[in-house]
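Structure record follows, encoded as structure tokens.
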Amino acid sequence: MGSVSLKPGDGTARFKRSTLCSSAVNILMLFSVLATNLFALYAFTYSPKHHTITPFHHKNITLISQHVSLIIKQIDSSQKKLARIENQLLGYQTLDVSRPNLANELKLFLQHHQLPLGKDSRTRITEMVASVGHSCEKSADLLSQYMTYKVSGPCPDDWSLVQKLILRGCEPLPRRRCFAKTVPKVGLSTWSGLGCKNINCLNKKPNGFAFDRQKYVKATSKNDFLIDDVLAMGNNGIRIGFDIGTGSKTGTFAALMAEKNVTIITNTLNVDAPYSDFIAARGVFPLFLSLDHRFPFYDNVFDLVHVTSGLDVETKPEKLEFLMFDTDRILRVGGLLWLDNIHCGDDEKKRTFTRLIEKFGYKKLKWVVGQKMDGAVGSGKHEVYLSAVLQKPVRI
């Protein structure tokens with residue numbers, strides 16, 4: 001599926017530095033406020049013995065006023081400086097539209113649009129801001145290339161550029177004012193820049209149509225669970241689900257579930273084949289999205305989340321935790337999390353992944369650990385695989 005690398009500790013270090021900066025500026029601001037109040041108290045409560053105002057007293061009051069004004073300016077400057085430092089540390093800078101060779105369409109899209117009636121009484125916002133991933137700043141040249149096209153004309157055949165931006169964390173991408181290329185459903189022979197040019201090619205791949213259909217109808221190993229058996233564990237309450245990973249990237253799982261009156265959304269990317277087109281051609285829903293993106297669904301909406309071999313257990317623990325917490329977020333209470341042949345590599349990584357799963361307190365309806373020969377490596381080594389059906393608990 002591809003991923004964006006994350007350096008361990010980067011996020012923590014950035015927030016620590018940001019917190020230190022915030023604390024220092026807050027202390028400075030507190031000292032400034034106290035000093036201002038003391039000077040003000042002195043100015044308004046001090047009265048000379050003879051109740052006469054001399055030029056010396058006028059001079060003192062003027063100096064105090066100037067000092068207060070200077071402190072206010074310093075506070076304002078410190079607040080602005082703190083905001084800039086936090087933006088730099090957290091990486092949420094906006095794209096610099098003044099840089100040369102930036103596409104005009106991108107500049108137009110990134111413009112803030114003021115609401116015609118001023119501040120909205122419900123949302124409290126005053127302007128509409130373009131939604132573009134903050135990591136796009138690091139790929140501004142590619143993003144500008146993506147936004148270079150003829151307005152109201154055909155969009156460039158740049159699916160590979162789109163996928164490259166997504167895999168670099170530039171997600172979501174800006175909208176475009178051009179017509180997307182149309183692909184006829186029959187034949188699908190117009191796929192460009194890909195290894196596969198027809199459906200027969202897809203069938204020959206390890207995760208092709210013929211292969212992954214069989215495992216859900218007739219188990220080939222103890223790690224393979226049948227669809228009917230899993231649906232029975234849900235007490236006939238499975239209506240909608242989300243399929244994550246590469247194990248069913250041709251949409252076979254969603255197609256088989258549709259036969260059971262269950263609607264499945266399939267997460268996919270076009271890696272070596274136009275899987276999104278193929279899934280849609282089968283009448284099921286493809287979601288063109290990387291696993292580094294927050295799932296664009298509301299909380300507690302799915303009855304079933306099906307996770308396949310695309311889940312990378314060997315990635316950084318923190319990154320895997322983010323993915324699992326987001327998966328838990330979209331699954332309703334009592335819903336099923338189906339871990340389908342998750343590749344753990346060895347027993348130690350399996351134990352690490354198991355500890356992460358147990359953190360969520362799911363009820364284990366079915367839990368199977370097995371070994372398979374890793375034919376891709378050619379070493380004859382047995383790899384550890386985990387399959388499970390888990391039920392989300394009620395949390396108070």
Side-chain angles (χ1 to χ4, degrees), residues 1 202-234 238 241-260 262 264 266-268 271-273 275 279 282 284 291 304-315 320 323-324 327 331 335-358 360 362-391:
M1 293 291 297
L202 287 180
N203 286 336
K204 295 177 182 178
K205 289 184 171 292
N207 290 319
F209 169 71
F211 177 81
D212 59 7
R213 178 182 179 88
Q214 182 182 4
K215 63 176 287 189
Y216 297 117
V217 178
K218 183 179 179 180
T220 57
S221 71
K222 65 178 184 178
N223 284 75
D224 295 335
F225 301 161
L226 303 184
I227 284 179
D228 289 335
D229 295 341
V230 175
L231 291 178
M233 298 180 197
I238 307 299
F242 185 39
D243 187 17
I244 305 172
T246 60
S248 297
K249 57 189 177 183
T250 56
T252 296
F253 178 76
L256 291 174
M257 292 293 278
E259 296 175 2
K260 309 292 182 181
V262 179
I264 297 292
T266 302
N267 160 246
T268 186
V271 180
D272 195 38
Y275 292 109
I279 291 171
R282 300 181 71 177
V284 290
L291 292 185
L304 171 72
V305 175
H306 177 240
V307 184
T308 61
S309 57
L311 184 66
D312 187 3
V313 175
E314 301 185 22
T315 189
L320 185 58
L323 175 60
M324 293 309 299
T327 301
L331 184 64
L336 301 183
L337 175 61
W338 181 355
L339 302 177
D340 187 359
N341 284 276
I342 303 300
H343 177 241
C344 298
D346 53 36
D347 288 327
E348 178 60 31
K349 292 173 183 175
K350 186 265 296 182
R351 285 191 290 269
T352 301
F353 183 62
T354 300
R355 286 193 294 269
L356 172 60
I357 294 298
E358 291 176 344
F360 294 89
Y362 283 71
K363 181 180 180 181
K364 296 180 181 179
L365 302 181
K366 196 169 183 177
W367 185 276
V368 175
V369 177
Q371 292 186 340
K372 296 181 182 180
M373 186 74 71
D374 189 1
V377 175
S379 61
K381 180 181 178 182
H382 284 82
E383 301 286 331
V384 177
Y385 286 79
L386 170 65
S387 293
V389 178
L390 312 170
Q391 188 173 43

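Worth saying up front: this structure is predicted, and the values here are computed from it rather than measured.
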* Candidate pair Asp340 and Phe225, rule side chain to side chain contact (heavy atoms under 4.5 Å, CB included), full reasoning -> CA-CA 8 Å; Asp340 187 359; Phe225 301 161; over 6 Å; no
* Could you go step by step and tell me if Lys350 and Glu383 meet the salt bridge (charged side-chain N to carboxylate O under 4.0 Å, His left out) rule? -> CA-CA 10 Å; Lys350 186 265 296 182; Glu383 301 286 331; over 6 Å; no
* Evaluation steps, side chain to side chain contact (heavy atoms under 4.5 Å, CB included), between Val384 and Lys349 -> CA-CA 9 Å; Val384 177; Lys349 292 173 183 175; over 6 Å; no
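Summarising the geometry, atom OG1 belonging to Thr308 is positioned 9.5 Å from atom CZ belonging to Phe253; distances are rounded to the nearest 0.5 Å. Rounding to the nearest 0.5 Å gives a distance of 5.0 Å between CG of Asn267 and CG of Leu291. Atom CE of Met233 and atom CG of Leu304 lie 11.5 Å apart (nearest 0.5 Å). Note that CG of Leu331 and OG1 of Thr327 are 8.5 Å apart. Values are rounded to the nearest 0.5 Å. For the atom pair CG (Leu256) and CD1 (Ile264), the distance works out to 10.5 Å, reported to the nearest 0.5 Å. Between the CG atom of Asp243 and the CE atom of Met257 there is a distance of 9.0 Å, given to the nearest 0.5 Å.
Salt bridge Arg351/Glu348: present, at least one basic N to carboxylate O contact under 4.0 Å.
No donor-acceptor contact under 3.5 angstrom links the side chains of Asp228 and Tyr216, judged on distance only.
Tyr362 has its ring centre no less than 6.0 Å from the ring centre of Trp367.
Under the 4.5 Å side-chain criterion, counting only non-hydrogen atoms from C-beta, Phe353 is in contact with Leu320. Counting heavy atoms from C-beta on, the side chains of Arg282 and Thr252 come closer than 4.5 Å. The closest side-chain heavy-atom distance from His343 to Leu386 is not below 4.5 Å. Between Trp338 and Ile227 there is a side-chain heavy-atom pair separated by less than 4.5 Å.
Counting only distance, with no hydrogens or angles, the side chain of Ser387 and the backbone of Asp224 share no donor-acceptor pair below 3.5 Å.
Of the options Lys363, His306, Gln391, Lys366, a side chain to side chain contact (heavy atoms under 4.5 Å, CB included) to Leu336 is made by Gln391 and by none of the others.
Among all heavy-atom pairs drawn from Val368 and Asn223, the shortest one is O-ND2, 3.6 Å.
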